[in-house]
Protein chains: 2
Amino acid sequence: MRETPPTAADPWDEVPGRLRARGLRWTPQRRTLLAVLAATRGHVTGAELVERCRAMDPATIPSTVYRTLDVLEELGIVRHAHGLDGREEFHVLPAADHGHIWCSGCLGTWDVHADEAAALVAVLAQRRGFRVDLSHLSVVGLCEGCAGEGQPGREAQRAG
Amino acid sequence: MRETPPTAADPWDEVPGRLRARGLRWTPQRRTLLAVLAATRGHVTGAELVERCRAMDPATIPSTVYRTLDVLEELGIVRHAHGLDGREEFHVLPAADHGHIWCSGCLGTWDVHADEAAALVAVLAQRRGFRVDLSHLSVVGLCEGCAGEGQPGREAQRAG
DNA sequence: GCAGTTGTTGCAACTTTTTGCAATAGCATT
DNA sequence: AATGCTATTGCAAAAAGTTGCAACAACTGC
């Protein structure tokens with residue numbers, strides 16, 4: 001077998017230690033949520049995470065999940081942005097910092113790479129000293145397909 | 001007396017007609033909300049609007065307000081974006097299309113002028129054919145003051 | 001001015017998330 | 001292994017919106 005890399009092969013293995021290092025605790029409920037998150041790709045809403053946790057442990061309490069998500073966000077293990085309807089969309093272990101765009105027509109979503117947002121970030125930094133949280137950036141509008149087929153006017157559709 | 005301008009001196013006076021032109025109706029409940037909106041500057045949440053309507057008419061029903069806001073948004077009379085916590089923030093009669101920035105430290109908010117977002121809008125249009133809805137754009141991060149005093153790291157604070 | 005059409009309202013139930021608080025249970029220490 | 005400190009949990013209630021549906025009432029046409 002291989003040697004274990006210095007900083008742990010699986011980043012999830014570091015979580016209990018990082019919690020304890022801050023005086024926080026590693027509980028069964030947190031173990032459940034972490035297991036769910038480890039199996040998650042892309043975006044998930046809080047409600048979806050609650051549901052998935054309940055699938056693993058029917059005794060799951062929503063408020064515990066939401067509070068744990070707050071803790072994990074402080075540790076940088078998850079990040080959240082807001083979907084079309086403003087609902088929180090969680091994002092696991094962000095490899096590269098990026099934002100999101102949402103099409104209000106087809107409800108599709110895509111990543112916005114850092115370089116695409118670089119100009120906005122730079123302008124706000126220079127003109128206002130504002131530091132943009134890129135992972136929280138959600139840009140809403142119409143994707144190519146929806147912009148084409150719909151009226152050339154504006155989009156008024158709302159997410160359901 | 002003066003001549004009335006072709007397109008009505010007060011834009012609010014046009015609303016009943018624009019509703020009827022679409023086969024929609026001008027009701028007392030809508031009159032109340034419009035009166036509240038006419039007296040509103042800057043941002044308001046849906047809940048605040050419900051409260052203000054209730055001040056004028058205690059019989060106000062929340063769902064009626066929210067549904068009317070949807071209609072008014074389709075007419076372009078209000079627009080909404082999302083605040084720090086994802087809650088809807090309505091914006092009356094947008095003179096110039098603009099976005100918003102929110103400081104997750106002090107909860108302050110400022111307008112983002114179209115030219116500040118121009119580069120982002122242009123990049124997404126060119127690279128993806130995506131049409132950004134600028135009035136829906138909410139950029140979160142730390143303002144100059146909060147970025148300075150806090151740790152140079154990241155912001156983890158959440159709106160209450 | 002009356003009647004019909006159908007857009008709106010009021011209501012109740014439900015979803016999603018937050019908050020306060022007492023009871024529970026991690027974890028470091030002894 | 002027992003103990004204490006206090007972070008977490010579970011629960012219940014509340015806030016903010018949304019949705020389905022039957023009853024109501026604008027507006028159009030006659």
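So you know, we letter chains A, B, ... as the sequences are listed, proteins then strands, and number each from 1. Only heavy atoms go into these numbers, but all of them, side chains included; no hydrogens, no water, no symmetry mates.
With rounding to whole Å, B:R54 atom CZ is found 11 Å from D:dA16 atom P. Rounded to whole angstrom, the span from the NE2 atom of B:H82 across to the P atom of D:dA16 amounts to 16 Å. When rounded to the nearest whole Å, the span between CZ of B:R31 and C1' of C:dT8 equals 14 Å. Distance, B:L33 CG to C:dT8 P: 13 Å, rounded to whole Å. Atom CG in B:D70 sits roughly 13 Å away from atom C1' in C:dT8 (whole-Å rounding). In this entry the distance linking CZ of A:R22 with P of C:dA28 reads 16 Å, nearest Å. Look at CD on B:E88: it is 19 Å from P on D:dA15, rounded to the nearest Å. Atom CD in B:E74 sits roughly 13 Å away from atom C1' in C:dG7 (whole-Å rounding).
Not a single donor-acceptor pair under 3.5 Å links the side chain of A:E116 to the backbone N or O of B:L120.
Remark: aromatic rings of B:H91 and B:H43 are close, center separation under 6.0 Å.
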Check residues 17-27 of chain B and write down every donor-acceptor pair under 3.5 Å in which the side-chain atom is one partner and the other belongs to a residue at least two apart or another chain.
unit_1, atom_1, unit_2, atom_2, d
B:R18, NH2, B:L75, O, 2.7
B:T27, OG1, B:Q29, OE1, 3.4
B:T27, OG1, B:R30, N, 3.2

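By the 4.0 Å N-to-carboxylate-O rule, B:R79 lies close enough to B:D133 to be salt-bridged with it.
Taking only side-chain nitrogens and oxygens, B:Y66 never comes nearer than 4.0 Å to OP1 or OP2 of D:dT18.
Counting heavy-atom neighbours within 6.0 Å of A:E48 CD, excluding the residue itself, gives a total above 12.
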* Heavy-atom protein contacts under 4.0 Å, nucleotides 3-13 of chain D, coded B base, S sugar-phosphate only, - none -> --BBBSBBB--
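The aromatic rings of A:H136 and A:H82 sit tilted, their planes meeting at an angle between 30° and 60°.
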